[in-house]
K.L.:
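The structure under discussion is supplied below as structure tokens; questions concerning it will follow.
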Amino acid sequence: MTLTEPQRDRIAATLAQIACDAGEILRAHHGGDCAHVLKPDGSPSSVADLEAEQQILQALAQSFPDIPVVAEETSHDAPPADLFFLVDPLDGTRDFLAGNPEYSVNIGLIAGNRPVAAALAAPGLGRIWYAGAEAREAPIRQGRPQDSTPIRVRPAPARGLVALVSRRHGDVETEACLAGLPIESRRSAASALKFCLIASGEADIYVRCGPTMEWDTAAGDHVLTAAGGCTLTPTGRPMIYGRYALSYRNGPFAALGDPAYAARVGLPDRGPMIRPQGEEVSAARP
């Protein structure tokens, strides 16, 4: 299905409000004793995750009744479609439970194998980013996005790159990638906010070689791409989505503000990304 640019922008604005509504649920739980359990992979799932996801699913069903949803908590094993949503109701659950405000709500619309509209809300910071054809940022006040402004990545600074790094997920491969680049400074940031900080021109690169899921990255990937940046795999091509055969797991990637640095990022190559029936997926945009 081909969506026009105005359609994508309207969808993104709707997703922004849905993400803000879910963010109000998260804010109500943040800083308190939020009940949670550990999933089989060792990651936490909280009452806040579940309540926010339910809110998002209901809102998407009302606004987009014909588009299926793959969501982290309740439909993570659903197959993709030609047009489908990827939802992470609370990205950064560990940080959320620890009282860190850098958590987010991520909603991305996938057409073919790439996102075409997305919203990422950071309720604890009072900021939301969203993108259809154009990337925009707005403050959140009283649970609603306010007047937005277009955002754009910055050229790589002459003094060196500002790298965004995880507080909890450092690894040797990521360090090796960063070692080959002119990094001037590092800044810690949680969850998928890293994509949007780069999209807003506040940093330059985010490398991740450890495990992530597609619902972790789709929204931020699209905001960054719409702002003029890129998110690349070891082959040098864009990330792809809908990899049901891989249980929606991502491989290594690098998010860049200035695409001129793409050829200088040495990500570990772990083989092709495939859809069911062993069909290799092109990274071309729909």
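We use all heavy atoms of the structure for the numbers below, so side chains are in, but hydrogens, waters and symmetry mates are not. Positions are given from 1, in the same order as the sequence printed here.
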K.L.:
Taking salt bridge (charged side-chain N to carboxylate O under 4.0 Å, His left out) as the cut-off, I'd like each qualifying pair that reaches into residues 122-133, sequence neighbours left out, listed once.
P.N.:
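Every pair satisfying salt bridge (charged side-chain N to carboxylate O under 4.0 Å, His left out) with a residue in residues 122-133: R127-E137, R127-E202.
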K.L.:
Would you name the heavy atoms of G242 and P80 that are closest together and state the gap between them?
P.N.:
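Looking at all heavy atoms of both residues, the shortest contact is O-CG, 3.5 Å.
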K.L.:
Salt bridge check: are D258 and R154 linked by an N-O gap of less than 4.0 Å?
P.N.:
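No.
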K.L.:
Which atom pair, heavy atoms only, marks the closest approach of S200 to W129?
P.N.:
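Closest pair (atom of S200, atom of W129, distance): OG-NE1, 2.8 Å.
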K.L.:
Please tell me whether T231 and Y206 have a donor and an acceptor in their side chains that are separated by less than 3.5 angstrom.
P.N.:
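Side-chain D/A pair, T231 to Y206: absent.
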K.L.:
Side-chain donor-acceptor pairs under 3.5 Å in residues 83-92, sequence neighbours left out?
P.N.:
residue : atom : partner : partner atom : Å
D88     : OD1  : L90     : N            : 3.2
D91     : OD2  : A192    : N            : 2.7

K.L.:
What are the two closest non-hydrogen atoms of E24 and R27, and how far apart are they?
P.N.:
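Shortest heavy-atom contact: OE2-NE, 3.0 Å.
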K.L.:
Enumerate the side-chain hydrogen bond (donor to acceptor under 3.5 Å, both in side chains) contacts for residues 181-190, please, sequence neighbours excluded, ordered by first and then second residue.
P.N.:
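Those involving residues 181-190 are E175-R186.
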K.L.:
Closest heavy-atom contact between C209 and P268?
P.N.:
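In this case the closest contact between C209 and P268 is SG-CD, 3.7 Å.
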K.L.:
In the single-linkage hydrophobic clustering (I, L, V, M, F, W, Y; side-chain heavy atoms under 4.5 Å), do L57 and V105 co-cluster?
P.N.:
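Looking at the clustering, V105 is in the same group as L57.
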K.L.:
Residues sharing L178's hydrophobic cluster, by side-chain heavy-atom contacts under 4.5 Å among ILVMFWY, directly or via others?
P.N.:
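Cluster partners of L178: L161, V165, L181, I183, I205, V207, L232, L256, Y261, V265, L267.
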K.L.:
State which residue, out of D216, V223, T225, T217, fulfils the side chain to side chain contact (heavy atoms under 4.5 Å, CB included) condition with F195.
P.N.:
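Exactly one pass, corresponding to T217.
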K.L.:
Is I110 reachable from M239 through a run of I, L, V, M, F, W or Y residues, each pair having side-chain heavy atoms under 4.5 Å apart?
P.N.:
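Same cluster: M239 reaches I110 through Ile, Leu, Val, Met, Phe, Trp or Tyr contacts under 4.5 Å.
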K.L.:
May I ask you to say whether D21 pairs ionically with R144, meaning some side-chain N is under 4.0 Å from a carboxylate O?
P.N.:
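Looking at R144 together with D21, the answer is no, because their closest N to O distance does not fall below 4.0 Å.
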K.L.:
What is the minimum heavy-atom distance between P145 and Q17, and which atoms define it?
P.N.:
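Closest pair (atom of P145, atom of Q17, distance): CD-OE1, 3.1 Å.
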K.L.:
Between E5 and G132 (side chain of the first, backbone of the second, donor and acceptor by atom type, cut-off under 3.5 Å), is there such a pair?
P.N.:
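Side chain of E5 to backbone of G132: no pair is present.
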K.L.:
Where does the angle between the aromatic ring planes of H30 and Y103 fall among parallel (under 30°), tilted (30 to 60°) and perpendicular (over 60°)?
P.N.:
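Because their plane-to-plane angle lies in the 30° to 60° range, the rings of H30 and Y103 count as tilted.
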K.L.:
List for me each residue that meets ring pair (Phe, Tyr, Trp, His ring centres under 6.0 Å) alongside Y130, sequence neighbours excluded, and say none if there are none.
P.N.:
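Partners of Y130 under the ring pair (Phe, Tyr, Trp, His ring centres under 6.0 Å) test: none.
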K.L.:
Is the side chain of D204 donor-acceptor paired with the backbone N or O of G257 at a distance under 3.5 Å, no angle test?
P.N.:
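Not at all, since once roles are kept as given, no pair shorter than 3.5 Å links the two residues.
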K.L.:
Grouping I, L, V, M, F, W and Y whenever their side-chain heavy atoms are under 4.5 Å apart, do I128 and L125 come out in a common cluster?
P.N.:
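The answer is no; the residues belong to distinct hydrophobic clusters.
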K.L.:
Do V47 and H29 come within less than 4.5 Å of each other through their side chains, counting heavy atoms only?
P.N.:
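Touching, per the 4.5 Å side-chain cut-off.
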K.L.:
Decide if atom CG of D147 counts as having more than 12 heavy atoms of other residues, nucleotides or ligands within a radius under 6.0 Å.
P.N.:
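Check fails, neighbour count at 12 or below.
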K.L.:
With side-chain contact (heavy atoms from CB on, under 4.5 Å) as the test, would you mind laying out the steps for E102 and D95 before giving the verdict?
P.N.:
CA-CA 7 Å; E102 294 184 352; D95 287 296; 6.0 Å; no
K.L.:
In Å, rounded to the nearest 0.5 Å, how long is the span from SG of C20 to CD of Q146?
P.N.:
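Answer for the SG-CD pair, C20 versus Q146, is 9.0 Å.
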K.L.:
How long is the span from the OG atom in S104 to the CG atom in L193, to the nearest 0.5 Å?
P.N.:
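If we round to the nearest 0.5 Å, S104:OG and L193:CG are 5.0 Å apart.
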K.L.:
Atom CD1 of I151 and atom CD1 of I198: how far apart are they, to the nearest 0.5 Å?
P.N.:
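Going from CD1 on I151 over to CD1 on I198, the span is 11.5 Å.
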K.L.:
Sorted by first residue and then second, give each ring-ring contact (aromatic ring centres under 6.0 Å, His included) pair with at least one member in residues 171-193; sequence neighbours left out.
P.N.:
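Of all non-adjacent pairs touching residues 171-193, none passes ring-ring contact (aromatic ring centres under 6.0 Å, His included).
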K.L.:
Looking at A78, is its backbone amide N or carbonyl O close enough to the side chain of S75 to form a donor-acceptor pair, meaning the two atoms are under 3.5 Å apart?
P.N.:
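Not a single qualifying donor-acceptor pair exists.
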K.L.:
Assess the residue pair W215 and I107 against the criterion (side-chain contact (heavy atoms from CB on, under 4.5 Å)); give the C-alpha distance rounded to whole Å, side-chain angles, the decisive distance to 0.1 Å, and a yes or no.
P.N.:
CA-CA 8 Å; W215 44 76; I107 309 173; over 6 Å; no
K.L.:
With a 4.5 Å limit on heavy-atom distance, are the side chains of T14 and F64 in contact?
P.N.:
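Touching, per the 4.5 Å side-chain cut-off.
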K.L.:
Count I, L, V, M, F, W, Y as connected when their side-chain heavy atoms are under 4.5 Å apart, and connections chain through other members. Are F96 and I25 then in the same cluster?
P.N.:
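Unlinked, F96 and I25 end up in two clusters.
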K.L.:
For R243 and N250, test the side chains for any donor-to-acceptor distance below 3.5 angstrom and give the result as yes or no.
P.N.:
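Checked: R243/N250 side chains pair up, N/O donor to acceptor below 3.5 Å.
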K.L.:
Side chains of D77 and V70: closer than 4.5 Å at any heavy-atom pair?
P.N.:
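Counting from C-beta outward, D77 and V70 never come under 4.5 Å.
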K.L.:
Without swapping roles, check the side chain of H222 against the backbone of V116 for a donor-acceptor pair under 3.5 Å.
P.N.:
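Side chain of H222 to backbone of V116, a donor-acceptor pair under 3.5 Å: yes, one is there.
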K.L.:
Is there a side-chain contact (heavy atoms from CB on, under 4.5 Å) between I67 and L60? Walk through the geometry before answering.
P.N.:
CA-CA 8 Å; I67 303 179; L60 290 177; over 6 Å; no
K.L.:
Which value, rounded to the nearest 0.5 Å, describes the distance between N113 atom CG and E214 atom CD?
P.N.:
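Result: 9.5 Å between the selected atoms.
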K.L.:
Side chains of V153 and L224: closer than 4.5 Å at any heavy-atom pair?
P.N.:
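Of all side-chain heavy-atom pairs linking L224 with V153, at least one is under 4.5 Å.
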K.L.:
With a 4.5 Å limit on heavy-atom distance, are the side chains of H76 and M213 in contact?
P.N.:
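No, their side chains stay 4.5 Å or more apart.
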K.L.:
Is it true that L26 and I140 fall in one hydrophobic cluster, defined by side-chain heavy atoms closer than 4.5 Å?
P.N.:
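No; I140 is not reachable from L26 via cluster members.
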K.L.:
Mark yes or no for whether Q58, through its side chain, and Q55, through its backbone, hold a donor-acceptor pair below 3.5 Å.
P.N.:
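Looks like no, no N/O pair under 3.5 Å.
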K.L.:
With rounding to the nearest 0.5 angstrom, report the CG to CZ distance, L15 to R10.
P.N.:
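Between atom CG of L15 and atom CZ of R10 there are 13.0 Å.
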K.L.:
Looking at A119 and A219, what are the two nearest heavy atoms and their distance?
P.N.:
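Scanning both residues, the minimum pair turns out to be O-CB, 3.6 Å.
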K.L.:
Would you compute the distance between atom CZ of R237 and atom SG of C230 and round it to the nearest 0.5 angstrom?
P.N.:
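Between atom CZ of R237 and atom SG of C230 there are 14.0 Å.
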K.L.:
Quick check: does any side chain N or O of R208 sit under 3.5 Å from a backbone N or O of P211, one acting as donor and the other as acceptor?
P.N.:
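Yes; judged by distance alone, with no hydrogens or angles, the pair exists.
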